[in-house]
Participant: 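Pasting a structure below so you can have a look.
Atoms within a ligand are numbered from 1 in the order they appear, just like the ligands themselves. Any value given below was found using the heavy atoms of this structure, including those in side chains, with hydrogens, waters and symmetry copies removed.
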Amino acid sequence: MSKQEVIISHQLEESLKQAVDKCPHDKLFILTDEHTQLYCYPLIGEFPYLKDAISICIGVEDVHKNLETLAYVWTQLGEKGGTRHSLMINLGGGMVTDLGGFAAATFKRGIKMINIPTTLLAMVDASVGGKTGINFNGLKNEIGSFAPADCVLIDCDFLKSLDHKNILSGYAEMLKHGLISNEKHWSELVTFDMDKIDYKQLQNLVAESVQVKEKVVEQDPFEKSIRKALNFGHTIGHAFESFALEKERPVLHGYAVAWGMVCELYFSHLKVGFPKDKLRQTIQFIKENYGKLEFTCKDYDRLYEFMKHDKKNVADGKVNFTLLGEIGDVHINQTATQDEIYDMLDFYCETL
Ligand code: GLY
């Protein structure tokens, strides 16, 4: 898989021009969803070099990340004269970069694409690393491919209009990147003031966070080994996310990951000696900023079911975890018994 270029933009018009110039094309398409069409497209729509761009707009959120929307995008590309020399700009959150990325990777066997993530979660995670796809038959990201964008352009000005909950959701993935990388970065993250956001400082943290992800993906683009480091917090996090959805109290992905990290840090401490002081400091940060998903021990069986049915977590019938012996000391392919998982859930309930 080729390495994608990531540009941390300080001047969107100029940075995007550079990115577009590097992708010679006959026609240029800009994919948005109904939100980014309204709030983000106006920030780029006036740039002179985009004056002939053809806009394609899809519905918002995960319910539209499906085959029907994908077919709509393919149809639009075809009907509006797209060829294999066309370029697509995906302007939006993870849903747009995932679905748009897959549409671009498959239309005429693949056209060039630029991702402009507009949410923090998409900036530090979804838009970088080449994972694209759609949900299918009720399963998340069931159909897709590894298809890195030619360029990912990150401009933190988009974050100024993002609500606090969505900032926190993306920030959880940044915290994960801190935990799997180095102590300095982790320390900057857990001391950052989330109540009074300094956007300049946030931009620097985002740049570092993206580098962490890029480095991991470069070593293992197809998730055969060390890319599993990026799954830290996600085994239990995904179960929390599915559980909350089932109870009709949906939570943002990053919140579920933050709570999942509380459990998995505790298990890391027990199993591979993650230090107690850093465990406490990280949990304190999560407790203060993310609150708690309420459940009781009566819900453990259901949560365990979700873990066992998540294809990403299960190997040889066992629930798989990525653990940390220290900040940056990643242990992949670890497993936990049912009792150990229930012990993690006890810890969560007693601590948060
Ligand atoms: N979101 C985790 C990964 O890209 O591997």
Participant: With a 4.5 Å limit on heavy-atom distance, are the side chains of L324 and F232 in contact?
Facilitator: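 Side chain of L324 against side chain of F232, heavy atoms only: contact under 4.5 Å found.
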Participant: For E223, counting its heavy atoms only, list the atoms of ligand 1 lying under 4.0 Å from any of them.
Facilitator: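 In order of number, 5 (O).
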Participant: Could K140 and D62 be called an ion pair, given the rule that one side-chain N must be under 4.0 Å from one carboxylate O?
Facilitator: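 Salt bridge: yes.
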Participant: Any atoms of ligand 1 less than 4.0 Å from a non-hydrogen atom of D125? List them with their elements.
Facilitator: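 Result: 1 (N), 2 (C), 4 (O).
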Participant: Any non-hydrogen side-chain atom of H253 less than 4.5 Å from a side-chain atom of H234?
Facilitator: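 When only atoms from C-beta onward are counted, H234 and H253 do touch, with a gap below 4.5 Å.
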Participant: Does any N or O atom in K131 lie less than 3.5 angstrom from one in ligand 1, N or O only?
Facilitator: yes
Participant: Would K213 count as a contact of ligand 1 if the rule is a heavy atom under 4.0 Å away?
Facilitator: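 Heavy atoms of K213 do come under 4.0 Å of ligand 1.
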Participant: Give a yes or no on whether a salt bridge exists between K184 and E188, defined as a side-chain N under 4.0 angstrom from a carboxylate O.
Facilitator: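 A salt bridge links K184 with E188.
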